[in-house]
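Data block below; observations after.
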Amino acid sequence: MEHKFIPYQQKELTKEEQLTNSENFYQLLDKRRSIREFSNQSVDLKVIENLIKTASTAPSGAHKQPWTFCVISNPAIKKQIRIAAEKEEKENYDRRMSDSWKEDLEPFGTNWEKPFIEIAPYIIVVFKKAYDLVNGEKHNNYYVNESVGIATGMLIAAIHNAGLVTLTHTPSPMNFLAKILNRPENERAYLLLPVGYPKKGTEVPDIQRKKLTEVLDYYE
Ligand code: IYR
């Protein structure tokens with residue numbers, strides 16, 4: 001079998017452009033914060049589609065692109081998801097999470113209540129495809145968690161770049177999402193992200209990012 005290759009084209013930047021672009025992109029993403037209180041202000045669906053197109057440019061194992069992004073704006077479905085998520089989260093906070101875990105979460109003021117699921121104009125539920133189903137036949141996917149994690153990271157960056165906010169919400173266990181959204185048997189819920197605008201006057205925890213020296217080791 002012959003495999004076709006085409007020339008790779010990317011504009012080469014000057015050293016100065018490289019420095020300013022990398023600095024500007026860092027400054028942009030450094031402003032991103034996880035937001036837990038949303039406004040119900042609407043967002044153009046075209047923007048959401050652009051965000052998902054961006055996420056779907058992510059590299060993936062053997063280019064299998066093992067993801068589906070479910071975009072939910074239907075109030076009845078959002079309500080169903082909120083009720084199911086809160087049921088699991090109540091159990092987590094009341095019984096399943098260790099004391100040290102809850103202590104670690106204290107600075108963020110989280111609890112089992114997830115009103116943002118109904119308030120935000122869009123909920124994106126990211127599904128990973130454990131395998132592909134082609135005419136009922138199972139086909140392998142590779143490095144599914146890595147691939148979907150990278151795509152989700154790019155989605156989060158794209159959301160911020162569009163002037164919107166999100167939260168990486170991890171209801172657990174989250175098999176209820178595949179049921180409510182009627183997903184095929186090869187898909188597993190990966191992450192839930194409300195997308196929209198922050199509630200006016202919302203506050204974020206006063207926390208710092210690790211310094212470069214704490215996250216970088218040189219080998220020269
Ligand atoms: N999934 C729960 C708990 C939670 C866990 C971590 I790790 C966080 O950084 C935040 C919350 C919830 O979403 O509330």
Side-chain angles (χ1 to χ4, degrees), residues 29-40 43 48 51 55 67-75 77-128 130 144-160 164-181 183 187-199 201-211 214-215:
L29 287 202
D30 193 35
K31 291 270 181 319
R32 185 205 56 78
R33 297 297 308 260
S34 292
I35 295 299
R36 291 188 165 77
E37 296 179 304
F38 285 72
S39 105
N40 61 2
V43 173
I48 301 289
L51 303 177
W67 44 65
T68 304
F69 300 89
C70 293
V71 173
I72 301 126
S73 54
N74 180 299
I77 300 174
K78 286 201 288 187
K79 188 188 195 106
Q80 238 185 314
I81 292 175
R82 176 184 177 181
I83 290 169
E86 286 185 337
K87 185 166 168 252
E88 294 297 355
E89 289 302 280
K90 182 133 187 24
E91 192 60 25
N92 288 337
Y93 280 86
D94 287 353
R95 273 174 279 278
R96 293 195 284 237
M97 287 156 73
S98 64
D99 287 342
S100 59
W101 188 352
K102 279 186 273 193
E103 255 167 55
D104 279 339
L105 288 183
E106 249 167 45
F108 311 100
T110 63
N111 61 36
W112 62 270
E113 288 175 287
K114 308 296 171 190
F116 56 78
I117 296 177
E118 282 191 89
I119 297 168
Y122 289 104
I123 301 299
I124 300 177
V125 181
V126 183
F127 283 89
K128 63 178 182 187
V144 169
N145 281 313
E146 291 82 351
S147 304
V148 179
I150 295 166
T152 304
M154 292 171 64
L155 175 63
I156 292 167
I159 290 168
H160 180 68
L164 300 169
V165 298
T166 188
L167 172 71
T168 47
H169 176 40
T170 51
S172 169
M174 56 177 157
N175 34 11
F176 67 85
L177 289 166
K179 283 199 201 101
I180 292 174
L181 299 172
R183 302 311 304 166
E187 294 192 10
R188 317 268 180 274
Y190 184 82
L191 206 61
L192 186 161
L193 301 114
V195 181
Y197 293 92
K199 183 179 127 187
T202 195
E203 296 188 332
V204 293
D206 186 12
I207 47 174
Q208 264 65 52
R209 298 201 153 92
K210 287 182 179 174
K211 291 194 201 61
E214 295 174 274
V215 299

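Counting convention: from 1, in listed order, for ligands and their atoms alike. Both backbone and side-chain heavy atoms feed into the values below; hydrogens, waters and symmetry mates do not.
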With side chains defined as the heavy atoms from C-beta onward, is the minimum distance between Trp67 and Ser147 less than 4.5 Å?
yes
Reported CZ-to-CG distance for the pair Phe127 and Leu192, which is rounded to 0.5 angstrom:
9.0 Å
Rounded to the nearest 0.5 Å, how far does OG of Ser172 lie from CD of Glu91?
11.0 Å
Return a table of N or O atom pairs, ligand 1 on one side and protein on the other, at distances under 3.5 Å, rounded to 0.1 Å.
unit_1   : atom_1 : unit_2 : atom_2 : d
ligand 1 : 1 (N)  : Glu89  : OE1    : 3.0
ligand 1 : 1 (N)  : Thr170 : O      : 2.9
ligand 1 : 1 (N)  : Thr170 : OG1    : 3.0
ligand 1 : 13 (O) : Glu89  : OE1    : 3.3
ligand 1 : 13 (O) : His169 : ND1    : 2.9
ligand 1 : 14 (O) : Glu89  : OE1    : 3.0
ligand 1 : 14 (O) : Tyr93  : OH     : 2.6
ligand 1 : 14 (O) : Lys114 : NZ     : 2.5

Look at the aromatic rings of Phe116 and His169 and report parallel, tilted or perpendicular, splitting at 30° and 60°.
perpendicular
Checking salt bridge (charged side-chain N to carboxylate O under 4.0 Å, His left out) against Glu88, which of Arg95, Arg96, Lys114 comes through?
Arg96
In terms of side-chain heavy atoms, does Glu187 have a donor or acceptor partner in Thr68 at a distance below 3.5 Å?
yes
